[in-house]
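See below for the structure under consideration.
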There are 4 protein chains.
Amino acid sequence: MTNATTKKRPRKPVRTAKQRRSKETVEVILESATRILSDHGWAALNTNAIAKRAGVSVGSVYEYFPNKHAIIDIILDRHLAQGEALINHGASVISDNPSAEAVVQILVAGFVGIHSDDPKLHRALSSDVPLNGAQQNRVDAVRAKIINLTSAALSTHVKDPKTKATLLVDAADALTHRWLVDEVGVPVSAEVLSNELENMLRLYVLTA
Amino acid sequence: MTNATTKKRPRKPVRTAKQRRSKETVEVILESATRILSDHGWAALNTNAIAKRAGVSVGSVYEYFPNKHAIIDIILDRHLAQGEALINHGASVISDNPSAEAVVQILVAGFVGIHSDDPKLHRALSSDVPLNGAQQNRVDAVRAKIINLTSAALSTHVKDPKTKATLLVDAADALTHRWLVDEVGVPVSAEVLSNELENMLRLYVLTA
Amino acid sequence: MTNATTKKRPRKPVRTAKQRRSKETVEVILESATRILSDHGWAALNTNAIAKRAGVSVGSVYEYFPNKHAIIDIILDRHLAQGEALINHGASVISDNPSAEAVVQILVAGFVGIHSDDPKLHRALSSDVPLNGAQQNRVDAVRAKIINLTSAALSTHVKDPKTKATLLVDAADALTHRWLVDEVGVPVSAEVLSNELENMLRLYVLTA
Amino acid sequence: MTNATTKKRPRKPVRTAKQRRSKETVEVILESATRILSDHGWAALNTNAIAKRAGVSVGSVYEYFPNKHAIIDIILDRHLAQGEALINHGASVISDNPSAEAVVQILVAGFVGIHSDDPKLHRALSSDVPLNGAQQNRVDAVRAKIINLTSAALSTHVKDPKTKATLLVDAADALTHRWLVDEVGVPVSAEVLSNELENMLRLYVLTA
DNA sequence: GATGAATGAGCTTTCATTCAT
DNA sequence: CATGAATGAAAGCTCATTCAT
């Protein structure tokens, strides 16, 4: 009955506790699926394995996800959200300093960032998991957004900005992906290659 | 009676006929698997479907291939062999005219060729079929070979040819692949992009 | 302190309130199960659905019923009780006027009544829900009771009243059920058929 | 090379043997499913049980039937075919002697026949297995056919033959079903009841 | 008592592989 | 060798029931 306790307003503690538990279960399932995906690939991702690694029962998996596909949906959404965050950050940086050089630098740095965080998951999602139409559309939409932003940033500097933007974005994406994610048969270090990529792209936008 | 019939049977021709028939069966199976792969993707590629489309029994499939994986092995090998043929052709052209510009041109033309011939099969093999370690190694080996050839061709023109060769090869491969094979969300035509890619790479090797 | 508080608490009212609440919960669960059964059939009747439609938790369902089967037991009991009420009413009517014609009329009217009230529930209970031995016995007992009452009412009018009663009851039950409940492929209206059934049965008891 | 052997023409013995084996497997699966259905009901009918009782693997069940439903389809088809055979037989008998009495006799005898052969299977199919739309339509079609045939046979004898035919057919079906198939709580023998049913129906058609 | 998250046995279906014919 | 029927492990998913809170 003291003022202090009255002020703290401990409302709905039971429901909150339950909600927390539910959320934790959801997270533990997503974490489990993510780890299986990045450690053993799509082929090893089955609902029983997800449940076992998550330390829950299959039933619990289906308590929170209508089917296996839906789990991938969430993982992909979160992954794309990370990518979009980097884009948005890049876009705001560019708006302050819209030079062609800055665009190139942000682009390469952005894709290095995207491909550096959990590269194995990125690999699984981009070339192992069979994405359905809606999922592929989401991926494409993110790419289109980046190209559009880049194109806009370049529009005052170069002619045919759309073409240049497409080339820049795809080159930055594909090459950082190959060097950081695939990591196979690359005879040169990823850092050196990233720098070189930046050089090449800068030269291209400034000259062509 | 028996003598007569025995004498008339020419032994070798029979075995040859059998071998020819065996070879035909192998081919018809591989053709079947290839078509299923390029028409309906990895998910639709099961041994019964392969046998049915090939017009043979499942048993025959296992007569000539120890398991499903082995079929993919051969298809992949042949696909890589096509790629290597283009490389070797390019290498011979380069040896006559080892200019940096020629290297870039051959490289882009080569990858356009690789990605234009049966793009759907290429797509299936490169991002649908789950390659095992050995298969991935073979793919990597071909890539390494191309990089080495390119590096050698560039060695008299530029400093750090290894880095430049890696970037050139990966850019030509990844970008032509994306534009010709994936064809998703590309706002500019593949031809324009290929030309632009060639421009960018030429500029890069000549200037940097 | 303890005495005071103990004295002030009126024990019985509390328990009664609880019992009332318990009874309400039981009712709401039964109502929920009944509606699901009549609206969507046995296949849709699962304990989670019952709880959700009842607005209670699954746990509560199991608080009041040992298992899913027990819920059906009560629903069936009540349904049979309705049938028995109609029987008892008919029996009292007959006792005032025990003519054979009256028996037939009451019988047909009774079964029409039984099958007209919530026909979909009746349908579900009689041909959708898999009744266990005990449940089937209860259904049979009700039928036996009707046959016995009918047989008694007919005993002064006809010879072999048991046989006639069995035929009368089963005909009235089965045919009104088919025309009112099943409603499949019936080329004539239910009313016409009911009248015709009554004619046939009257003729039979009066003549044979 | 003798005339005798030539005359016998032993063609395609291998294929025939295989076809026989396939057919045997199909039959053993259907037999298994039928027995489970009539012995333990729809609830016990699962594909693993069918395979085990049939002495084959689950895979074999799916070799011959696309899904569990399809097995029921065939069992139901065969069951209905038996019913139709009795109908056709009855129809031909009636055409020789189209008296109302003969119609009643054939009808009751026909339904007794239908319900006497494997009554437990009949019970399972008619009140345990959840028939889908198409299956229910097939059942209804058989019933409609019987009503139409009966109606046609009565048309020269009575007024409103459709109504009378519906009543006759449904009574014969429902009552023989109850007495022969359900066999529950029937206080009088099935034979006596069948005779009495025939009496009742005869009286009805001749008098009303 | 009430809650609803968690459980897991059990069901349907697929498909790489084997083996009797 | 060819055949294709047969196999059975394994995967996706459901739902009656339990139990920690």
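Numbers restart at 1 for each chain; the letters A, B, ... are given by sequence-line order, proteins then strands.
Residue B:K52 contributes atom NZ, which lies 14 Å from atom C1' of F:dT3 at whole-angstrom precision. Atom CH2 in A:W42 sits roughly 13 Å away from atom P in F:dA11 (whole-Å rounding). Between A:E24 atom CD and F:dT21 atom C1' the separation is 14 Å, expressed in whole Å. Rounded to whole angstrom, the span from the CD1 atom of B:I71 across to the C1' atom of E:dC15 amounts to 13 Å.
In terms of phosphate contacts, B:S57 brings no side-chain nitrogen or oxygen within less than 4.0 Å of OP1 or OP2 of F:dG4. Within the 4.0 Å cut-off from OP1 or OP2 of F:dA6, at least one side-chain nitrogen or oxygen of D:T25 is found.
Where DNA chain F pairs in unbroken runs of 3 or more (Watson-Crick or G-U, both distances under 3.5 Å), the stems are E:2-21 with F:2-21.
For residues 26-35 of chain C, the set of pairs meeting the side chain to side chain donor-acceptor pair (under 3.5 Å) definition, not counting sequence neighbours, comprises C:E27-C:R78, C:R35-C:S38, C:R35-C:D118.
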* Structure fact -> The contact string for nucleotides 12-18 of chain F, one letter per nucleotide 5' to 3', using protein heavy atoms under 4.0 Å with B, S and - for base, sugar-phosphate only and none, comes out as SBBBBBB
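Across all strands shown, A:F65 has no heavy atoms under 4.0 Å from either base or sugar-phosphate atoms.
Residues A:W42 and A:K68 share a closest heavy-atom pair of CH2-CE, 3.9 Å. The two residues D:V58 and D:A51 have their closest heavy-atom pair at N-CB, 3.6 Å. Annotation for A:V61 and A:I29: closest pair CA-CD1, 3.8 Å, computed over non-hydrogen atoms.
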* For side-chain contact (heavy atoms from CB on, under 4.5 Å), just list the numbers for D:I72 and D:L45, CA-CA rounded to whole Å, side-chain angles, deciding distance to a tenth of an Å, and then say yes or no. => CA-CA 10 Å; D:I72 298 293; D:L45 190 78; 3.5 Å; yes
* Could you walk me through whether B:R138 and B:D73 pass the side-chain contact (heavy atoms from CB on, under 4.5 Å) test, one step at a time? => CA-CA 10 Å; B:R138 287 218 305 285; B:D73 272 346; 4.2 Å; yes
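To the nearest 0.5 Å, the span separating CD1 on A:I75 from CG on A:L80 amounts to 12.0 Å. Taken to the nearest 0.5 Å, the CG atom of A:L37 stands 10.5 Å off from the NE2 atom of A:H79.
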